[in-house]
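Note sheet for the following structure.
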Amino acid sequence: MRVSCAFKTVSSRPRAPELLRQRRALCPAFLYEGPTTMSRYTASDIEPKWQEAWDKANVFTAERDENKEKYYVLEMFPYPSGRIHMGHVRNYTMGDVIARYKMSCGFSVLHPMGWDAFGMPAENAAMAVGGHPKDWTYNNIADMRAQMKPLGLSIDWSREFATCDPEYYGQQQAMFIDFMAKDLVYRKNAIVNWDPVDMTVLANEQVEGGRGWRSGALVERRELTQWFFKISEFSDELLSALDGLENWPAKVRLMQENWIGKSRGLQFSFERTDGGDPIEVYTTRPDTLNGASFVGISPDHPISKKLEADNPELAAFNIEARKGGTTEEAIETAPKLGFDTGIKAKHPLTGAELPVWIANFILMDYGTGAIFACPAHDQRDLDFCRKYDLPVIDTFFALDNETPVANEAFVPAKSEKVKWVDHFAGLDVATGQDAIDATIDFAESAGWGTGVTKYRLRDWGLSRQRYWGCPIPIVHCDDCGVVPEKKENLPVRLPDDVSFDKPGNPLDRHPTWRDCACPSCGKPAKRETDTMDTFVDSSWYFARFTAPRADTPTNMADADYWMNVDQYIGGIEHAILHLLYSRFFARAMHIAGHLPQKAVEPFNALFTQGMVTHEIYENAERRTEHDRPIYHYPAEVETRDGKVVVKKTGELVKVTPSAKMSKSKNNVVDPVSIIQAFGADTARWFVLSDSPPERDVEWTAAGAEASSKHLNRVWNLCDKIAAMDPNATGQGDDELMRETHKAIHDVTVGIESFGFNAAIAKLYGFTNIINKSKAGAAAQKQAIMTLAQLMSPMTPHLAEDIWAHQGGEGLVINAPWPVADESMLVEDTITMPIQINGKRRSEIAVPADMSKEEVEKVALANEAVQKALDGNAPKKLIVVPGRIVNVVI
RNA sequence: GCGAGCGUGGUGGAAUCGGUAGACACGCCAGACUUAAAAUCUGUUGUCCGUAUGGACGUGGGGGUUCAAGUCCCCCCGCUCGCACCA
């Protein structure tokens with residue numbers, strides 16, 4: 001096909017005043033007046049045109065083609081907040097570069113988009129401004145889709161779905177039932193944040209400083225019966241399989257490893273002097289048992305709960321200890337509180353009596369909910385002992401320092417050798433790790449303890465006491481107990497007639513929805529009113545994209561062709577939970593017959609991109625009446641005489657650099673206005689340039705201008721070359737050809753290695769080279785057409801236009817990716833720097849293949865070296881071939 | 001508190017493996033074009049000393065390993081992400 005290009009003469013193109021106004025508002029210094037060439041780059045003309053051309057040619061529809069190699073590129077799908085932000089633009093542009101590049105390389109590409117559409121914001125909006133979460137969500141989706149489309153992303157929109165579509169969550173319910181049949185789901189009690197005033201369960205983010213965000217009441221920890229996935233049964237598998245994820249960032253694998261937290265320790269019991277049930281403890285530092293000064297139990301430990309009944313003082317303590325949020329952070333940072341139960345435990349070796357304390361920092365969820373404290377070698381235990389005046393006993397010292405511990409615990413690395421004090425297992429000088437192993441052996445052979453491997457990873461609690469989520473397809477029957485809904489009755493749809501005027505879960509107070517017939521015996525029964533954690537929704541959407549309309553969760557033939565995701569791209573904030581849950585889900589889906597074996601690790605390669613940041617403008621002269629800071633939008637401030645001030649009032653502004661774009665700080669830049677002012681290609685080019693993709697990028701108006709100016713230069717260059725006499729000859733054709741191949745090589749390597757910023761730097765350089773080249777028309781035309789191809793993943797609209805303008809065949813997206821001729825890349829002579837004592841002092845030009853001995857001779861003959869040597873022989877001469885020479889004097 | 005990461009000119013940032021620190025871009029300054037400005041084009045630009053040839057310093061701070069450190073090791077400071085019910 002052939003599409004006419006969008007070059008137009010200036011006189012025929014009066015610019016829309018509105019567009020001009022927007023540009024000026026964004027960048028007052030950058031005015032777009034005055035023609036400089038016969039034509040002008042007008043993104044608002046060319047971008048819709050090429051998007052239409054791609055649609056007509058159906059180029060982004062993913063099709064199973066057994067003759068082609070497939071490539072599945074996926075960016076983490078967005079939550080439909082209603083507005084796209086620059087972070088989305090950056091994320092989806094990166095994925096688009098990969099997708100378009102792979103298309104040009106001849107792959108059958110799957111690049112889908114959907115919506116992570118369940119969750120609390122929809123309910124919060126319903127409570128705050130009325131309306132229904134469903135309407136709010138679907139309206140937001142429509143808005144965001146409309147904002148995304150102008151970006152020109154190579155997305156197969158025919159596969160789009162939202163997780164709140166009954167067609168999606170119905171399949172999720174079917175899988176829940178399948179998982180139940182495979183014994184991957186169960187119920188148990190778990191602790192939630194309870195707001196005693198609103199009488200409702202709070203999410204962690206709804207707890208601010210230990211208080212409910214609406215009521216302001218002190219939050220309590222309360223137990224509820226909840227549904228769990230047995231992810232902990234996969235602990236070892238999820239841990240060991242990390243080794244195979246070679247194309248994941250090492251930091252993500254390390255974070256997951258630490259999260260799973262495999263540890264080997266000793267489990268043993270403290271007998272009680274009062275003859276009560278022994279206290280089972282687990283410790284990863286059994287070697288420090290001699291330093292035990294008390295036994296600690298969780299406030300939720302069975303012994304603690306038993307004592308509560310007839311000890312009002314202790315019960316009051318436990319109530320106090322259970323206040324505050326449920327997050328590990330809240331528990332760890334809360335002031336350390338203890339209560340002496342009066343119970344004494346017998347030290348298994350010395351027989352000494354140790355007091356049993358309840359301590360608010362001991363988690364019932366980890367280990368056995370009971371510990372022994374060794375204050376000399378654990379800062380938290382030490383702080384506790386100093387506070388309650390408990391003894392501190394050193395069990396080992398540094399080899400060169402035997403000062404007893406005062407107020408700083410001595411915690412050397414486990415690999416460091418220390419000197420032991422009178423150790424029961426006969427240790428003298430040994431590392432902590434050797435001591436741990438020796439102690440476990442000692443305890444096992446003496447018969448008072450067992451070496452145990454434990455994992456920090458807990459089972460995944462998926463129950464949420466909220467409306468806007470996937471209903472758990474379960475019915476509670478007085479006779480049959482917990483019964484899964486029949487599959488033919490799926491989806492269990494959310495009822496539409498609900499209200500949010502009262503706190504709590506509307507499903508709970510919806511009798512006609514809640515009351516139902518038992519799927520097993522048919523008697524009246526009640527539905528489960530909890531819905532699923534939204535992490536469930538996002539744990540398998542990547543699999544659903546392979547067959548989004550299938551009437552089963554997946555279609556095996558499609559899953560087999562498209563899985564795995566070859567490149568997954570998203571934020572580092574998902575490094576642990578989302579990715580770990582997805583890895584578990586893929587395994588569970590395989591067990592339940594919904595994914596092939598090869599898909600148990602669903603993401604072959606992972607890339608975590610950085611945030612888009614912007615300066616924050618805080619009013620330096622004024623605060624709100626509640627003494628809160630006032631933040632100004634970027635468009636509200638300007639620089640006057642080197643000072644940043646508010647445009648309207650002239651008030652001084654305090655500028656904080658590089659903060660995450662956040663609505664509460666007003667430092668947001670709206671992609672829609674950027675696209676309207678500069679065009680999608682400029683926005684795309686900017687978010688890819690400068691910063692390496694894994695790092696944060698600072699949005700600046702100047703940067704966006706610079707991108708826009710460069711695209712204008714490329715356009716003008718195209719125009720200039722198109723206007724050349726096709727038969728014109730010149731100088732330097734070979735040199736331009738060589739540079740073209742270097743550009744092909746560098747840009748290809750840049751894209752392949754996620755060095756988009758490096759690829760763009762190369763494209764800048766290549767553009768400058770073409771601009772200065774005096775080569776003939778044919779060579780220049782070839783150079784600019786190659787430039788268009790190399791730019792097309794980043795700035796696809798401009799690339800198509802240049803391609804068409806130069807008479808390229810068909811669409812540039814369908815043109816095969818150029819291949820660099822290796823022979824054009826090698827240099828004959830290289831420049832080697834010469835260092836004298838490690839400092840660069842001179843350089844030599846030598847043939848690339850010169851031997852080390854020859855290089856040494858040339859280097860020693862160098863004037864600067866001769867001068868420095870002053871007739872003496874060098875102490876040492878280091879030649880790194882092709883790199884550097886260092887003369888040591 | 002615990003786990004992970006990051007820190008380089010006036011600014012964004014570059015620097016496969018430990019081998020020329022500052023690629024590319026912004027900004028600034030100078031010049032060309034213009035009645036003028038903008039736009040565009042050309043050139044300079046890490047800091048300090050020096051007319052210059054040149055030299056000293058320089059990758060958050062301090063110490064170390066090495067012929068050679070932005071890169072590796074130790075300590076410290078600052079910022080960011082995660083901590084299981086935010087998505």
Taking salt bridge (Lys or Arg N to Asp or Glu O under 4.0 Å) as the definition, give me every residue that meets it alongside [X], ordered by chain and number, with sequence neighbours left out.
X	result
R456(A)	E328(A)
R883(A)	none
R222(A)	none

Listed partners of V858(A) passing side-chain contact (heavy atoms from CB on, under 4.5 Å), at least two apart
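Counting only residues at least two positions away or on another chain, V858(A) forms a side-chain contact (heavy atoms from CB on, under 4.5 Å) with I844(A), V846(A), M850(A).
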Across nucleotides 22-27 of chain B, 5' to 3', mark each nucleotide with B, S or - according to how protein heavy atoms within less than 4.0 Å reach it.
-BSSS-
How many whole angstroms separate atom CD of Q256(A) from atom C1' of C2(B)?
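For the pair Q256(A) CD and C2(B) C1', the rounded distance is 17 Å.
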Between P on C41(B) and CG on D719(A), what's the gap in Å once rounded to a whole number?
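These atoms are roughly 14 Å apart.
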Of all the nucleotides listed (C86(B), C67(B), G3(B)), which has the minimum atom distance to the side chain of M255(A)?
G3(B)
Do F678(A) and F686(A) have ring centroids that are under 6.0 Å from one another?
no
Syn or anti for C17(B)? Use the chi torsion, O4'-C1'-N9-C4 for purines and O4'-C1'-N1-C2 for pyrimidines, with syn inside 90° of 0.
syn
Do K742(A) and E739(A) meet the salt-bridge criterion of a basic N to acidic O distance under 4.0 Å?
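Yes, charged N to carboxylate O under 4.0 Å.
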Is K230(A) paired with D459(A) through a side-chain N to carboxylate O contact shorter than 4.0 Å?
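Looking at K230(A) together with D459(A), the answer is no, because their closest N to O distance does not fall below 4.0 Å.
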Would you please say whether a donor-acceptor pair under 3.5 Å links the side chains of D195(A) and W213(A)?
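There is no such pair (donor and acceptor under 3.5 Å, judged by atom type) between the side chains of D195(A) and W213(A).
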Could you go through nucleotides 7-10 of chain B and list every protein N or O atom that sits under 3.5 Å from one of its N or O atoms, giving the distance for each pair?
from, atom 1, to, atom 2, distance (Å)
G7(B), OP1, R695(A), NH1, 3.2

